[in-house]
Amino acid sequence: MIQYIIKRDGRKVTFNPKKISNAISKAMISLHPDVELNEQELEQIILLTDDVVTNLEKDIEANIDPTVEHTQDIIERVLIKNDLADCAKEYILYRKQRTDVRTYNAELTKIYRDLTSKSTADMDLKRENANIDANAPMGLMLRFGSEGSKDFVKKYVLKPEHSLAHTNGIIHIHDLDFYLLTINCCQIGLKDLFKRGFSTGHGFLRDPQSILSASALCCIAIQSNQNDMHGGQSIPMFEYDLAPYVVKSYAKHLSSTIKLVLRLSDFDRNPILLKVSDLYEKEGSVLTDESQKTLRNFIYLHLEDLLKEAVLDDTIEYILKEAINLTERETYQAMEALIHNLNSMQSRAGAQVPFSSINYGTGTTPEQRMIMKNMLLVTDAGLGLGETPIFPVQIFKVKDGVNTKEGDPNYDLFKLACKVSAKRLFPNFSFLDAPYNKQYYVEGHPETEVALMGCRTRVFGNDYDKTKQIIPGRGNLSFTTVNLPRLAINSHGSLTKFYQDLDRVIGMVFEQLVDRFKIIADKHVYNYPFLMGQGVWIDSEKLCMDDKISEVIKHGSLSVGFIGLAEALVALCGEHHGQSQNALDLGLEIIQHMRDLADEQTKKVGLNFSLFSTPAEGLSGRFVNIDKKIFGEIPGVTDKEYYTNSFHIPVNFPISAAKKIEIEGKFHSLCNAGSITYVELDGDLTKNTQAFEDIILYMKDCGIGYGSINHPVDRCPVCGYVGIINDVCPKCGRKDGEGVSIERLSKIGVECICK
C-alpha cells in the first residue's frame with residue numbers, strides 16, 4: 001500500500017488517491033464543460049484511478065519513488081492506454097499550464113526578493129541602466145514591472161529558440177521589458193519642433209522667445225520623448241537649433257537697454273525687434289562685426305532726434321556692448337538651467353533621469369559659439385555643490401578646418417573642451433572626418449554631420465530611403481548582442497565551427513529583430529503621443545493619430561551587437577588582439593564578417609541592419625557568469641568578473657594609450673551602429689591639457705569615430721575642490737573620511753549603461 005508521495009519541493013505527504021480521481025475528472029470535464037459527468041464516466045474514473053495506483057505500487061516495488069511528476073506521467077499513460085487520447089491531451093495541456101504558473105511564480109518571486117533585499121553592488125539586474133536608482137521605491141517599482149514583462153515576453157511572445165538562446169546566454173535581447181511596447185532611441189531636431197510649437201498632453205507650448213525659455217523647452221522635449229521610448233534622447237544639432245533664441249534674447253536686451261538708457265517709458269521696441277529679426281534672416285547672425293555695424297547705423301538714425309550728436313556715438317556703443325553682455329549672461333544661465341534640469345528632472349513615472357546627450361562643436365556664428373562656450377563654462381563650474389554633471393552626455397564634434405588647429409574659427413572652443421574634459425570627464429569627442437562619417441557630409445548642411453547618443457549609438461546610413469540620410473528625427477529601433485566568447489569556447493579552436501555557429505546565431509538574431517520590428521510596426525501614432533504625435537520622428541508629421549507607424553520607423557536601424565572579442569580570441573588562438581598581430585588580424589576578420597552579414601541582410605530585407613559594439617556593464621557580467629557555470633574558469637576567458645566591452649583591449653592589459661588607440665581605431669569603421677574608444681590615464685590632466693589635446697587629435701588621426709579620456713577625478717564635498725585627491729584635500733586640508741568621504745569620480749563617463 002502506498003504510504004506517501006513526494007512533492008516537488010521534496011516534502012513527503014500522505015498519499016491520497018482522490019487527488020488522482022479529481023485530476024482525471026477535470027480532464028474529462030474540460031472536453032465537455034457544459035455537460036455533467038454521467039454515471040458510466042464516474043465509474044470509469046474509479047477504474048482509471050485504480051489502474052494508476054496499481055502502476056505506482058509496481059514502481060515502488062522496483063524502488064522508484066512515488067513523486068508527483070512520476071504520478072502525473074502514469075496518469076497520462078493510463079488515459080492513452082484506455083483509448084482516452086482527447087482526455088489525455090487535455091490533461092497534458094492542464095499539466096503544462098500549471099507547470100508554467102509554478103515556474104513563473106518561482107522565478108519572479110526570487111527576482112522580486114533579490115530586488116528588495118540585495119544592494120545595487122551585489123546585483124547585475126540593478127545596474128542595467130545607469131540613470132535609474134534601483135534602490136529607490138519608484139526605481140524598484142519600475143524593475144518589478146520590468147521583470148514581469150520580461151518573463152511574459154520570454155514565455156509567450158518570443159519564438160522558443162530565441163527565448164532559449166537569450167536565457168542560456170548565447171544572445172542578449174536588450175530592453176526585453178519593452179519588447180511589445182516601443183523602440184530604442186532618437187536624435188531630436190529642435191528647429192521645426194519649436195517653430196511649430198508642441199504639446200506634451202497638458203497644454204500647447206509655443207515657439208520660445210528667449211534662449212532661457214528655449215533651454216527649458218529643450219529639457220521638456222527630451223523628457224517627453226523619453227516617456228515614449230526605452231532608450232536615450234540626443235540633440236544632434238545643439239548650437240544650430242538654439243542659436244535663433246540667442247538672437248531673440250539679444251533683440252529684447254537691445255531694445256530694453258535703449259529704453260533704460262534713454263529713460264523712455266513709452267519707447268516703441270517693435271522697430272528694433274523687427275530689424276534684428278530681419279538682419280538675422282538675411283545674414284545668419286546679428287553679432288558679427290558687419291551685422292553690428294548695420295545695427296549701429298540703424299540705431300543712430302532711430303535715436304538722432306533724441307540725443308545730442310556729441311554723446312550719440314558713445315551712447316550707441318554702450319547700448320550695443322551692454323546688450324551683448326546681457327545676452328551672454330542669459331545664455332550662461334540658460335545652459336546652467338539645462339544642465340541642472342537634466343540632472344534632476346524625472347521621466348517614466350518618476351523612476352529615472354532622462355538619458356540625454358547633446359552634440360556640438362561645428363557652429364561658427366557668434367550666437368552658436370556663445371552657446372557652446374557657455375555650455376562648457378557651466379560644465380566646468382559643476383552643479384550646485386560643484387558636483388560633476390552626468391547629463392547631458394556632451395559630445396564635441398571635431399572637424400578639420402573648423403576646430404583642430406590654430407586659425408580655425410572654433411579652435412579656442414576645442415581647447416576649452418579639452419580643458420573642461422580634463423577636469424569633468426565631459427565632453428567626449430566625435431570625429432567627423434573619419435571616412436565612414438565624412439561620406440555622408442554635405443557642405444552647409446549640419447543635419448548631415450554624424451551625431452551620437454552618449455552611449456555610442458550611431459544612426460546614419462539609410463538604405464530604406466537614401467534621400468534622407470540625415471541625423472535629426474532618426475534613431476535605433478532595437479539591438480541584440482551576441483556572446484562571442486561562448487561561440488569561441490564551443491568551437492574548441494576550430495575556426496570553421498566558430499564561423500558556422502556565428503552565422504547561425506546572427507541569422508537567428510536577424511529573425512528575432514524582424515519579429516520585434518513587426519510588433520512595433522503594427523502600433524499607431526496615438527501609442528507615441530510625443531515621438532510620433534508631435535512629429536519628432538522623421539516623416540511622422542505626415543501621419544494622422546490613427547495611422548500605423550510601420551513605414552516611418554523603417555528610417556531607423558536594427559543592430560546586432562557583440563561583446564568579448566578579446567576573450568573570444570584567447571579561446572580561439574590563445575592571445576587577444578593586443579598581444580599579437582595574428583590575433584588582431586583574426587579579430588578584424590571576425591568583425592568584418594559580422595558587418596558583411598549585416599550589410600547583406602540590409603540588401604535582402606530592405607531595413608537598416610547594422611553592427612554595434614555593445615556597451616553594457618551588466619550584460620558583460622551576465623554572460624561571463626553563465627559561461628563560468630557551464631565551462632568553469634578558463635584562463636584569459638572566464639576567469640574574471642566581466643567580459644571585455646565590444647572590441648576593446650582588456651583593461652588590465654599593459655598597453656600604451658597610443659597603441660590602444662591604434663589597434664581599436666581599426667574596428668570603428670566596421671561598427672556602423674556605433675563604437676567608442678577610451679583610454680585610462682593617471683595623473684592630474686588639468687595640469688597638462690596639451691597632452692590631453694594631443695591624445696584627442698591622435699584619435700582623429702587613427703580613424704576613431706568616438707572617443708574619450710578617463711582619468712582620476714575626485715571632489716571634496718566640503719570645500720568643493722575638484723582634482724586628484726589622495727588622502728588629504730590640497731585646498732582645505734581635510735582628511736578623507738573626516739565627516740564625509742571624498743567622492744571618487746574616476747569612472748564616471750566610461751560607459752553609458754544600456755540594458
Side-chain angles (χ1 to χ4, degrees), residues 159 161-162 165 171 173-174 183-187 434-442 447-448 450-452 456-471 473-482 484 487 498-522 537-539 548-562 565 587-614 646-647 666-675 703 705:
K159 290 178 179 174
E161 60 269 29
H162 300 162
I171 64 172
I173 302 170
H174 293 264
I183 57 180
N184 186 9
C185 60
C186 183
Q187 303 271 11
Y436 47 90
N437 289 334
K438 195 173 183 178
Q439 64 178 317
Y440 300 109
Y441 178 65
V442 178
E447 68 275 14
T448 64
V450 170
L452 298 134
R456 81 188 65 178
T457 303
R458 170 186 182 272
V459 178
F460 207 80
N462 190 355
D463 278 72
Y464 166 67
D465 185 351
K466 290 184 180 294
T467 68
K468 294 185 177 177
Q469 296 193 127
I470 58 174
I471 284 291
R474 299 177 61 219
N476 179 255
L477 304 178
S478 62
F479 67 103
T480 297
T481 294
V482 176
L484 288 181
L487 300 179
F498 173 80
Y499 278 115
Q500 287 175 344
D501 289 347
L502 182 62
D503 288 356
R504 175 181 54 80
V505 170
I506 290 181
M508 177 174 61
V509 170
F510 289 153
E511 182 181 51
Q512 176 266 311
L513 287 171
V514 171
D515 287 349
R516 187 172 190 171
F517 172 87
K518 289 177 179 177
I519 290 172
I520 301 302
D522 206 39
W537 189 268
I538 191 169
D539 283 349
K548 290 188 176 182
I549 64 170
S550 53
E551 286 304 308
V552 299
I553 64 170
K554 291 179 181 178
H555 291 292
S557 63
L558 298 163
S559 303
V560 179
F562 64 94
L565 177 65
L588 289 168
E589 179 185 294
I590 291 169
I591 304 307
Q592 179 68 66
H593 182 75
M594 295 179 73
R595 170 61 184 277
D596 290 342
L597 291 176
D599 290 347
E600 290 169 10
Q601 186 71 4
T602 295
K603 294 175 183 176
K604 177 181 176 183
V605 179
L607 298 174
N608 295 312
F609 284 89
S610 52
L611 183 63
F612 191 38
S613 64
T614 300
S646 61
F647 54 69
K666 301 177 186 299
F667 291 90
H668 279 247
S669 63
L670 303 178
C671 301
N672 57 336
S675 55

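All values below were derived from every heavy atom in this structure, side-chain atoms included, with hydrogens, water molecules and symmetry-related copies excluded. Remember, predicted model here, so these are calculated numbers, not experimental data. If you read the sequence from its start, that first residue is 1, and numbering goes on from there.
- You'll find the side chain of Leu487 reaches within 4.5 Å of the side chain of Val505, heavy atoms only.
- Note that CG of Leu565 is 8.5 Å distant from OG of Ser646, once rounded to the nearest 0.5 Å.
- Side chain of Ser613 to backbone of Gly674: a donor-acceptor contact under 3.5 angstrom is found.
- Remark: side-chain polar atoms of Asn608 are paired, donor with acceptor, to backbone N or O of Gly556 under 3.5 angstrom.
- Salt bridge status for Asp599 with Lys603: absent, with no side-chain N to carboxylate O gap under 4.0 Å.
- In this structure, Arg595 contributes its side chain and Ser669 its backbone to a donor-acceptor pair below 3.5 Å.
- No side-chain heavy atom of Met508 sits under 4.5 Å from any side-chain heavy atom of Lys159.
- At most 12 heavy atoms of other shown residues, nucleotides or ligands fall within 6.0 angstrom of atom NZ in Lys438.
- Taking all atoms of both residues into account, the shortest heavy-atom contact from Ser559 to Ser610 is OG-OG, 2.8 Å.
- Classification of the Phe667-Phe647 ring pair by plane angle, with boundaries at 30° and 60°, yields parallel.
- With Asn476 contributing its side chain and Ser557 its backbone, the two residues share a donor-acceptor pair below 3.5 Å.
- For the pair Thr481/Phe612, no side-chain contact is recorded, criterion being any heavy-atom separation below 4.5 Å from C-beta on.
- The main-chain N or O of Leu611 is found under 3.5 Å from a side-chain atom of Asn672 such that the two form a donor-acceptor pair.
- A distance of 4.5 Å separates CD of Gln592 from CG of Asp596, quoted to the nearest 0.5 Å.
- Nearest approach of Tyr436 to Gly705, heavy atoms of both residues: OH-N, 2.9 Å.
- At least one donor-acceptor pair under 3.5 Å links the side chain of Thr448 to the backbone N or O of Val442.
- One distance of note links CD1 of Ile506 with CD of Gln601; it measures 10.5 Å at 0.5 Å rounding.
- Shown here are the ring pair (Phe, Tyr, Trp, His ring centres under 6.0 Å) partners of Tyr464, two or more places apart in sequence or in another chain: His555.
- Ile471 CD1 to Gln187 CD: the interatomic distance, rounded to the nearest 0.5 Å, is 5.0 Å.
- Annotation: side chain of Met594 is in contact with side chain of Leu484 (closest heavy-atom distance under 4.5 Å).
- Side chain of Gln469 to backbone of Asn462: a donor-acceptor contact under 3.5 angstrom is found.
- Counting heavy atoms from C-beta outward, Leu607 and Leu477 have side chains that stay 4.5 Å or more apart.
- Ion pair Asp465/Lys554 not flagged as a salt bridge, since none of the NZ, NE, NH1 or NH2 atoms sits closer than 4.0 Å to an Asp/Glu carboxylate oxygen.
- Leu597 is listed as a side-chain neighbour of Phe510, based on a closest heavy-atom distance under 4.5 Å.
- Under the 3.5 Å distance criterion, the side-chain polar atoms of Tyr499 are left unmatched by any main-chain donor or acceptor of His593.
- Looking only at side-chain heavy atoms (C-beta outward), Ile538 and Ile470 come within less than 4.5 Å of each other.
- Here the closest heavy-atom approach between residue Ala521 and residue Lys548 is recorded as O-CB, 4.0 Å.
- Expressed to the nearest 0.5 Å, how far OG of Ser675 lies from NE2 of His668 amounts to 4.0 Å.
- In this structure, Arg474 contributes its side chain and Phe460 its backbone to a donor-acceptor pair below 3.5 Å.
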